A.B. asks: 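Below: one structure in structure tokens.
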Amino acid sequence: MTPPLESRTLARCLRSMEFSMSEDFQPRQLSPVETLRHSMAHLMASAVAELYPGTKFGIGPHIQNGFYYDMEIPGAVTPEDLPHIEEAMRAIAKKNHSFTHKTLTHEEALRWAEESDQPLKAELLADIEGPISFYTHGAFTDMCAGPHVRYTKKLKHFKLTQIAGAYWRGDEQRPMLTRIYGVAFETKEELDAHLLMLEEAKKRDHRRLGKDLELFRLTQEYGPGLVLWLPNGAFMRKQIEDEWRKVHLERGYELLFTPHIAPSTLWDRSGHTGHYRDSMFAPMDIDGEEYLLKPMNCPFHIGVYNNRKRSYRELPMRLCELGNVYRYERSGVLHGLMRVRGFTQDDAHIFCTPETFKQELDACLDIAQLMYKTFGFPEFKVELSCRDPENTSKYLGSDEIWTLSEDTLAEVLDERGIEYTRIEGEAAFYGPKIDIKVVDTIGRSWQLTTIQLDFNLPERFDLSYTGADNQPHRPIMIHRALLGSIERFFGILIEHYAGDFPLWMSPVQARVLPLSEKFKDYGAEVVARLTAEGIRARLDDSDEKLGYKIRRAEVDKIPYAAVVGGREAESGTVGVRKRKDGDMGTMSIEDFIAHLKAEIEAR
RNA sequence: GCCGGCGUAGCUCAGUAGGUAGAGCACGUCCUUGGUAAGGACGGGGUCACCGGUUCAAAUCCGGUCGUCGGCUCCA
């Protein structure tokens, strides 16, 4: 079998060159599985080169669980083509080629790129110095720092998963290449487990569950990215918000409500029309004045602060609001509840003095951790975003205030014994911040909390308080959101619990299932008893058999079902069935209520 | 916004040599009165996303728009 033209050309190119085999070549360090995945990318590239002559190759790195390769493939490649590519990959792997390494001088490498018509590789070469490393398996050669597995036979347990567009070198201005993703593991068991996990993740997709459990609705008719909370979801949102308000009020926060629109002039002053315009919706004309929908709550909270002259005795002032904001998000980025155009920030702005600033930060971390505990996220990861020390000019505020702030943020984390990653250059231009991500049941992390210092707005709005020295001082402003957005947080909760929500959050906690029509009255009595005790109970009075009603209760993910038939009606009991666990046996109504209350209390 | 896939009943989907539509679930009525994950019969429900084109004839072919899905980019 003759190799396709493309491969022959490449092979000839290489043969015609003088190779400087360097004895001391050291490939970069990769773990065995990373090496395997990277070799997979090469294997895929060789298959694509065979099937689609003329393909130009970009980069093909290993990633978590697998690999991808960015390529410019002539003609359209669709998801249906993936199995063919996979087949070709297996065929090549079976031949058990060895991966061989060569080193070319930079000049030779450039010549290779030109002669084999690989302009993307040529471009990469421009950024690399010195001799260039190449790897070959079979008829395919790729410029690559390695390392690789020895033989293609090792490349067994993989699956191509998706195909997508990706900008060359991640730049929106550059052409879009075709990226093919695959997953790969060292053993079949690991691959199967991973594929199973992907299935699981699909099952707990909040968009799926949102439909099935009637939690929320997103539809073109009401605008993309705009959420209709259905009764079940709305009730759960109320539970979340009640808890949030309770905790805040207990900790000295004051609750606000502010408008959804404000004159453009306000957004000019806050700087949003300057820095954030692209994310704001088009203005509306009200009596000849231009108004804008709010993308953030900050200016309003500042307006509350500025209601009158403030004294240091009033600080810290902790203002919080579940504030609805609207942001224009580009159409391609909308995603269920995770990325929407109208959402509710669990926002707060804390105005404090330099003396109390540190303990306020500490209190923010404390309330954040309390929230994670309440909503069932025991694990979280913290990032401290600092300014780029190489480029301090693009940041607002003096060196002293930045150093002090960053040090204080770090101290607070250290004193709480919280581990964190410090990231230079990730701070906003107006101040450093702490970001916190929680880890869900299946190990994914989601950013929730952000605690940011703001050196900008207090200046812009000329905020002040009168100190003990009777002089005006500029307050320190902390901007923080614990859950981020209620919409997004709800989406995360749905996926975290896979729809099996804790009892205290569930819109319906118990569904009473009469065995037949004859026991409807007793069932209604049980519902009344539960309701009187504050339990959210409903009667399933449908004309169906018990098995059907139980199935419905399970499918609807109702935490408890209470079966009532002749036996129960006579003895004043219920047959209790727990979601997923099944029959718990018969108990008195009192015991059932006590059981439910205990579980609700325990959270 | 960009690349690619998709858009048929409330939901999940079938409907490829173009001839104005089907299933299951859900919903309604009736029968059935039943012990821990689907009892039965009948019935209502769709401008086949939208706009335009080709054709005697378009869910089906072509173009555009919108939405959605997977990525990319973005994410004060």
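Lettering follows sequence order; numbering is per chain, from 1. Only heavy atoms go into these numbers, but all of them, side chains included; no hydrogens, no water, no symmetry mates. All values reported here derive from a predicted model rather than from experimental measurement.
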A.B. asks: Specify the separation, in whole Å, of atom CD1 of A:Ile63 and atom C1' of B:G71.
C.D. replies: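 The distance from CD1 of A:Ile63 to C1' of B:G71 comes to 11 Å, rounded to the nearest Å.
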
A.B. asks: I want to check a possible cation-pi pair here: A:Arg179 against A:Tyr68, using under 6.0 Å from ring centre and within 45° of the ring axis as the test.
C.D. replies: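 So A:Arg179 does make the cation-pi contact.
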
A.B. asks: Separation of A:Asp81 atom CG from B:C3 atom P, in whole Å?
C.D. replies: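 Rounding to the nearest Å, CG of A:Asp81 and P of B:C3 are 19 Å apart.
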
A.B. asks: Please determine, for B:A9, whether a Watson-Crick or G-U wobble partner exists with both distances under 3.5 Å, and give it or none.
C.D. replies: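 Pairing partner: none.
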
A.B. asks: How is A:Gly170 classified with respect to the nucleic acid when contacts are heavy atoms under 4.0 Å: base, sugar-phosphate, or nothing?
C.D. replies: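 The answer is sugar-phosphate, as A:Gly170 gets under 4.0 Å only of primed atoms, P, OP1 or OP2.
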
A.B. asks: Provide, to the nearest angstrom, the distance between the CZ atom belonging to A:Arg207 and the P atom belonging to B:U68.
C.D. replies: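 Spelled out: CZ on A:Arg207 to P on B:U68 is 11 Å.
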
A.B. asks: So, do A:His38 and A:His62 have ring centers that fall under 6.0 Å from each other?
C.D. replies: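 Between A:His62 and A:His38, which both carry aromatic rings, the centre distance is not below 6.0 Å.
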
A.B. asks: With C1' as the reference atom in both, quote the distance from B:G19 to B:C2 in angstrom, rounded to an integer.
C.D. replies: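 Result for the C1' pair: 40 Å, nearest Å.
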
A.B. asks: Could you report the tightest heavy-atom contact between A:Met89 and A:Met40, atom names first, then the distance?
C.D. replies: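 A:Met89 and A:Met40 have their closest heavy atoms at CE-O, 4.0 Å.
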
A.B. asks: Tell me whether A:Arg169 is salt-bridged to A:Asp127, with the criterion being a basic N under 4.0 Å from an acidic carboxylate O.
C.D. replies: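 Here A:Arg169 pairs with A:Asp127 in a salt bridge, since their nearest N and O are under 4.0 Å apart.
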
A.B. asks: For B:G35, give its Watson-Crick or G-U wobble partner with both distances under 3.5 Å, or none.
C.D. replies: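 No nucleotide pairs with B:G35.
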
A.B. asks: Applying a 3.5 Å limit to both distances, which nucleotide forms a Watson-Crick or G-U wobble pair with B:A58?
C.D. replies: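 No nucleotide pairs with B:A58.
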
A.B. asks: Between B:A37 atom P and A:Arg551 atom CZ, what is the distance in whole Å?
C.D. replies: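 After rounding, the reported distance stands at 11 Å.
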
A.B. asks: Take the angle between the ring planes of A:His335 and A:His206 and call it parallel below 30°, perpendicular above 60°, tilted in between.
C.D. replies: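 Tilted, since the angle between the ring planes falls between 30° and 60°.
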
A.B. asks: Provide the Watson-Crick or G-U wobble partner of B:G63, both distances under 3.5 Å; none if there is no partner.
C.D. replies: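 Partner of B:G63: B:C51.
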
A.B. asks: Paired with B:C75: which nucleotide, if any, by Watson-Crick or G-U wobble criteria at under 3.5 Å for both distances?
C.D. replies: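 Pair assignment: B:C75 / none.
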
A.B. asks: Taking the side chain of A:Lys545 as its heavy atoms from C-beta onward, which of B:G39, B:C72, B:G5 lies nearest to it?
C.D. replies: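 Output: B:G39.
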
A.B. asks: How is A:Arg577 classified with respect to the nucleic acid when contacts are heavy atoms under 4.0 Å: base, sugar-phosphate, or nothing?
C.D. replies: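 If one applies the 4.0 Å heavy-atom cut-off, A:Arg577 turns out to touch a base.
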
A.B. asks: Can you find a donor-acceptor N/O pair under 3.5 angstrom joining the side chain of A:Tyr328 to the base of B:G1?
C.D. replies: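 No.
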
A.B. asks: Among the nucleotides B:G71, B:G34, B:G1, which one has an atom lying closest to any side-chain atom of A:Tyr167?
C.D. replies: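 The answer is B:G1, which lies nearest to the side chain.
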
A.B. asks: B:U29 pairs with which nucleotide, Watson-Crick or G-U wobble, both distances below 3.5 Å?
C.D. replies: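 The answer is B:A41, by the H-bond criterion.
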
A.B. asks: Can you tell me, in whole Å, how much space there is between the P of B:C27 and that of B:C72?
C.D. replies: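 To the nearest whole Å, 40 Å.
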
A.B. asks: Compare side-chain N and O positions of A:Ser331 against OP1 and OP2 of B:G1 and report whether any pair is under 4.0 Å apart.
C.D. replies: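 Yes, within the criterion.
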
A.B. asks: Round to a whole Å and report the spacing from OH of A:Tyr548 to P of B:A38.
C.D. replies: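 So the two atoms are 11 Å apart, to the nearest Å.
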
A.B. asks: Answer with base, sugar-phosphate or nothing: what part of the nucleic acid does A:Gly547 contact at a heavy-atom distance below 4.0 Å?
C.D. replies: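 Counting heavy atoms under 4.0 Å across all strands, the contact made by A:Gly547 is with sugar-phosphate only.
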
A.B. asks: Determine, for A:Glu123 against A:Arg174, whether the closest basic-nitrogen to carboxylate-oxygen distance falls under 4.0 angstrom.
C.D. replies: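 Salt bridge between A:Glu123 and A:Arg174, a charged N being under 4.0 Å from a carboxylate O: yes.
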
A.B. asks: Please figure out whether A:Arg208 or A:Lys549 has its closest RNA chain B nucleotide nearer the 5' end.
C.D. replies: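 By nearest-heavy-atom nucleotide position, the 5'-most residue is A:Arg208.
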
A.B. asks: Quick one: sort the A:Phe185 and A:His194 rings into parallel, tilted or perpendicular, breaks at 30° and 60°.
C.D. replies: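 Tilted: the ring planes of A:Phe185 and A:His194 meet at 30° to 60°.
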
A.B. asks: How long is the line joining NZ of A:Lys211 and P of B:A26, in whole Å?
C.D. replies: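 Rounded to the whole Å, the gap is 18 Å.
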
A.B. asks: Could you state the atom-to-atom distance from CZ of A:Arg339 to C1' of B:G1 in whole Å?
C.D. replies: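 Rounding to the nearest Å, CZ of A:Arg339 and C1' of B:G1 are 12 Å apart.
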
A.B. asks: Among the candidates B:C72, B:C66, B:G34, find the nucleotide nearest to the side-chain atoms of A:Gln220.
C.D. replies: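 Among the listed nucleotides, the one closest to the side chain of A:Gln220 is B:C66.
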
A.B. asks: Distance between the P atoms of B:C30 and B:A23, in whole angstroms?
C.D. replies: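 Result for the P pair: 23 Å, nearest Å.
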
A.B. asks: Which nucleotide wins on minimum distance to the side chain of A:Arg179, given the candidates B:G71, B:A37, B:U33?
C.D. replies: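 In terms of side-chain proximity for A:Arg179, the closest of B:G71, B:A37, B:U33 is B:G71.
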
A.B. asks: Starting at atom CG of A:Leu334, determine the distance to atom P of B:C69, rounded to an integer number of angstrom.
C.D. replies: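 Going from CG in A:Leu334 over to P in B:C69 covers 8 Å.
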
A.B. asks: Counting the atoms with a prime plus P, OP1 and OP2 as sugar-phosphate, which does A:Ala164 contact under 4.0 Å by heavy atoms, base, sugar-phosphate, or nothing?
C.D. replies: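 The answer is base, as A:Ala164 lies within the cut-off (heavy atoms under 4.0 Å) of a base atom.
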
A.B. asks: Ignoring the backbone of A:Arg552, work out which of B:A26, B:G39, B:U33 is nearest its side chain.
C.D. replies: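 For A:Arg552, the side-chain atoms sit closest to B:A26.
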
A.B. asks: Considering heavy-atom distances to RNA chain B, does A:Met296 or A:Glu568 have its closest nucleotide positioned more toward the 5' end?
C.D. replies: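 In this pair, the answer is A:Glu568.
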
A.B. asks: Between A:Tyr395 and A:Phe455, does the side-chain contact (heavy atoms from CB on, under 4.5 Å) criterion hold? Intermediate values first, please.
C.D. replies: CA-CA 10 Å; A:Tyr395 298 95; A:Phe455 308 144; over 6 Å; no

A.B. asks: When we call it a touch if two heavy atoms are under 4.0 Å apart, what does A:His335 touch: a base, just sugar-phosphate, or nothing?
C.D. replies: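 Contact class for A:His335: sugar-phosphate only.
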
A.B. asks: Using the P atom on both, measure B:G5 against B:U47 and round to a whole Å.
C.D. replies: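 Pairwise P distance, B:G5 against B:U47, rounds to 28 Å.
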
A.B. asks: In whole angstrom, give me the gap between the C1' atoms of B:A57 and B:A21.
C.D. replies: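 It works out to 16 Å between them.
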
A.B. asks: Going by purine N1 to pyrimidine N3 plus the second Watson-Crick contact, or the G-U wobble pair, all under 3.5 Å, which nucleotide sits opposite B:G4?
C.D. replies: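 The base-pairing partner of B:G4, which may sit in any strand shown, is B:C69.
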
A.B. asks: Under 4.0 Å, heavy atoms only, any strand: does A:Tyr430 hit a base, just the sugar-phosphate, or nothing?
C.D. replies: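 If one applies the 4.0 Å heavy-atom cut-off, A:Tyr430 turns out to touch a base.
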
A.B. asks: Does the ring of A:Phe300 carry A:Lys294 above it, NZ/CZ under 6.0 angstrom from centre and within 45° of its axis?
C.D. replies: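 That pair qualifies as a cation-pi contact.
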
A.B. asks: Determine the interatomic distance between P on B:G71 and the same-named atom on B:G52; round to the nearest Å.
C.D. replies: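 Roughly 36 Å separates the two P atoms.
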
A.B. asks: Taking only the side-chain heavy atoms of A:Glu172 (C-beta and beyond), determine which of B:U36, B:G71, B:G1 contains the nearest atom.
C.D. replies: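 Of the options given, the side chain of A:Glu172 lies nearest B:G1.
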
A.B. asks: What nucleotide among B:G4, B:G34, B:G1 has an atom nearest to a side-chain atom of A:Leu515?
C.D. replies: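 When the side chain of A:Leu515 is considered, B:G34 is the closest of B:G4, B:G34, B:G1.
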
A.B. asks: Between B:C48 and B:C13, how many Å separate the two C1' atoms, rounded to a whole number?
C.D. replies: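 Per the computed distance, 13 Å lies between those C1' atoms.
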
A.B. asks: Distance between the P atoms of B:U54 and B:G63, in whole angstroms?
C.D. replies: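 Per the computed distance, 15 Å lies between those P atoms.
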
A.B. asks: Could you tell me whether the side chain of A:Arg330 has a donor or acceptor atom within less than 3.5 Å of a complementary atom in the base of B:U73?
C.D. replies: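 It does, because a donor-acceptor pair links the side chain of A:Arg330 to the base of B:U73 below 3.5 Å.
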
A.B. asks: Does A:Glu544 reach a base, just sugar-phosphate, or nothing at all? Heavy atoms under 4.0 Å.
C.D. replies: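 Since a base atom lies under 4.0 Å of A:Glu544, the category is base.
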
